[in-house]
**Q** 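Encoded as structure tokens, here's the structure I'll be asking about.
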Protein chains: 2
Amino acid sequence: MSETGRSTRERILQAAGKLFYGEGIRAVSVDAVAEKAGLTKRTLYYHFRSKDDLIAAYLEVRDQPNLALFKRWFAEADGDVAAKVEAIFRNLARSTRHPKWKGCGFLRTSVELVNLPGHPAMVIGRAHKKRVEDWLCSVFEDAIGLREARQLARQVILLLDGAFAVVLLHRDPSYMEAAGAAAAHLVRGLMPTPRRSIKVAKVRRTVRPPDWLTHDRAFPPPSAQPMDRGTAAGSRARSAAP
Amino acid sequence: MSETGRSTRERILQAAGKLFYGEGIRAVSVDAVAEKAGLTKRTLYYHFRSKDDLIAAYLEVRDQPNLALFKRWFAEADGDVAAKVEAIFRNLARSTRHPKWKGCGFLRTSVELVNLPGHPAMVIGRAHKKRVEDWLCSVFEDAIGLREARQLARQVILLLDGAFAVVLLHRDPSYMEAAGAAAAHLVRGLMPTPRRSIKVAKVRRTVRPPDWLTHDRAFPPPSAQPMDRGTAAGSRARSAAP
DNA sequence: TTGTGTATATTCACTGGTTGGTATACATCG
DNA sequence: CGATGTATACCAACCAGTGAATATACACAA
């Protein structure tokens, strides 16, 4: 609670974030995190019950900023919904060119904990992906009809996570753009208004619902309060590694 | 290589396959593999130079059978190419319901070795995925005569690998079927023959030229340079880092 | 048949190092 | 004082990989 206490905890989280994301959770020892944070392992264990707790905290920290980034990219893009969705992929493609980019931390963690489905980090990862999907779904509901929105959101998510995996494997950002093109095509195939005029549509045309414009500008939180934080006594299996 | 030698090697590979796929390569020790194979660790090291060699061999074994399975599912399915592609996803969805299913071993290994791009297992994994993509590409070229076959094959691969990741995370096979529907929709959108409406694609446009693949964006990008098309072919092989 | 040489195949016991996690004590501060 | 942090030192378990000895198979000679 003290000032030094909070900053220490955040220093640990920052070090853990860099190391876990950069090298993988099993490849990083608690000692390495402590050393990077500039303190002793014992101090780390004062702030976090276990390595598993630290892993969960590492993902939890990244949850909201990640979704917020998607929303920002979507909001700042011009064009219709399809173009805005594609803009997310385009921004992501730019990110993947950074040498420190290592795919999606949530997916990678879920792979490393594949046999611990109840691990708190897995719960957080699933919740995060669901949150992105729900946000996309709400976006599509506003622009299209209800029924296909869920399926469409899922398919965009599939392309997104597929691109994370494939670009990480091949280290070729063009896959991310191919995914964006596919996503835009899927969205456009379900859009009600025939987009014949290519030129005028720079800014959203005022289609029927006048409220969706305002609704689009101000993004409502997908759900009031997230995070069923808890099950702190998880204490699942150990993560051993060379 | 006497008779016993080969069978011993295969016993090791079988044990390694079950353990590596079931629990992950970093979670499984060499001792565990040796014990499961019913021999000593020293014997294992007689047949394989190192654990990394064993990992590579584990993936190499699965390369051809995996692709052959896709080809079989494709060949045995009825309907047009889109339906045949969708059949792959449907068969895969059935596979994911098996409790021992743990996603794609190639992708999972690439995640665990994310910082060793020159690792032999990574090379094998990339080659495998490329092989599946090339096969799909040739299917689209031969059966439909598509010029955009390469891009289409990549997008189907993206949906495939995305489904592997997402189904593994949520343990919900319906994502695999959603991916299949999306893939079929993408394929069908490029098929030359007049198409009948099937399933998901309810709203159907009647535009002839499938120009969406050529990265046309229906709306002009705000700034001049939309995206820098990277080298479409050629995956850069980064030099190994220890 | 028996003996011997040689390459293959396998085992036991071990190394040096790392792992997640602790016991204990010391420090700082309201 | 007592609560909150931090540090030194330590643990038992586990890790990938190895040295030295041995067991087995087979080829060839006497």
**Q** Could you give the CG-to-C1' distance, from A:Asp52 to C:dT19, as a whole number of Å?
**A** 13 Å
**Q** Rounded to whole Å, please give me the gap between CZ in A:Arg26 and P in D:dC15.
**A** 11 Å
**Q** What pairs with A:Val30 under side-chain contact (heavy atoms from CB on, under 4.5 Å), at least two apart in sequence or on another chain?
**A**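 Per chain and number, A:Val30 pairs via side-chain contact (heavy atoms from CB on, under 4.5 Å) with A:Lys41, A:Leu44, A:Tyr45, A:Lys51.
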**Q** Please work out if A:Val33 contacts a base, only the sugar-phosphate, or nothing of the nucleic acid, heavy-atom cut-off 4.0 Å.
**A** nothing
**Q** Atom CD1 of A:Ile55 and atom P of C:dT19: how far apart are they, to the nearest Å?
**A** 14 Å
**Q** When the distance from CG of B:Asp53 to C1' of D:dG17 is rounded to whole Å, what number comes out?
**A**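 These atoms are roughly 13 Å apart.
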**Q** Can a salt bridge be assigned to the pair B:Lys129 and B:Asp63 using a cut-off of 4.0 Å between side-chain N and carboxylate O?
**A**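 No, no charged N to carboxylate O under 4.0 Å.
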**Q** For B:Gln155 and A:Tyr175, which I'm curious about, is there any donor-acceptor pair between the side chains at under 3.5 Å?
**A**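 No, no side-chain donor-acceptor contact under 3.5 Å.
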**Q** Protein-nucleotides 11-17 of chain C N/O pairs closer than 3.5 Å?
**A**
{"from": "C:dT11", "atom 1": "OP2", "to": "B:Thr40", "atom 2": "N", "distance (Å)": "3.2"}
{"from": "C:dT11", "atom 1": "OP2", "to": "B:Thr40", "atom 2": "OG1", "distance (Å)": "3.0"}
{"from": "C:dT11", "atom 1": "OP2", "to": "B:Thr43", "atom 2": "OG1", "distance (Å)": "2.6"}
{"from": "C:dT11", "atom 1": "O5'", "to": "B:Thr40", "atom 2": "OG1", "distance (Å)": "3.1"}

**Q** Over how many whole Å does the gap from A:Tyr45 atom OH to D:dT8 atom C1' extend?
**A**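 Atom OH in A:Tyr45 sits about 17 Å away from atom C1' in D:dT8.
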**Q** Can you tell whether the side chains of B:Arg154 and A:Asp172 come within less than 4.0 Å, N to carboxylate O?
**A**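 Here B:Arg154 pairs with A:Asp172 in a salt bridge, since their nearest N and O are under 4.0 Å apart.
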**Q** Kindly assign one of parallel, tilted or perpendicular to the pair A:Phe74 and A:Trp135, based on the angle between their ring planes and the thresholds 30° and 60°.
**A**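 Ring orientation, 0 to 90° scale: perpendicular.
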**Q** Figure out the NZ/C1' separation between B:Lys51 and C:dT18, and round it to whole Å.
**A** 14 Å
**Q** In whole angstrom, give the distance that lies between atom CZ of B:Phe48 and atom C1' of D:dA16.
**A**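 The answer, rounded to whole Å, is 16 Å.
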**Q** Can you sort out the partners of B:Val111 under side-chain contact (heavy atoms from CB on, under 4.5 Å), two or more places apart, ordered by chain and number?
**A**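 A:Arg108, A:Val111, A:Leu168.
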**Q** Under a 3.5 Å distance rule, please check whether B:Glu86 uses its side chain to pair with a backbone N or O of B:Ala184 as donor and acceptor.
**A**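 It does not hold such a pair.
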**Q** Just to confirm, is there a sub-4.0 Å distance from OP1 or OP2 of D:dT4 to any side-chain nitrogen or oxygen of A:His47?
**A**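 No, A:His47 has no side-chain N/O under 4.0 Å of OP1/OP2 on D:dT4.
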**Q** Let me know the distance between CD1 of A:Ile12 and C1' of C:dG20, rounded to the nearest Å.
**A** 15 Å
**Q** Does a nitrogen or oxygen in the side chain of B:Thr8 sit under 4.0 Å from OP1 or OP2 of C:dT10?
**A** yes
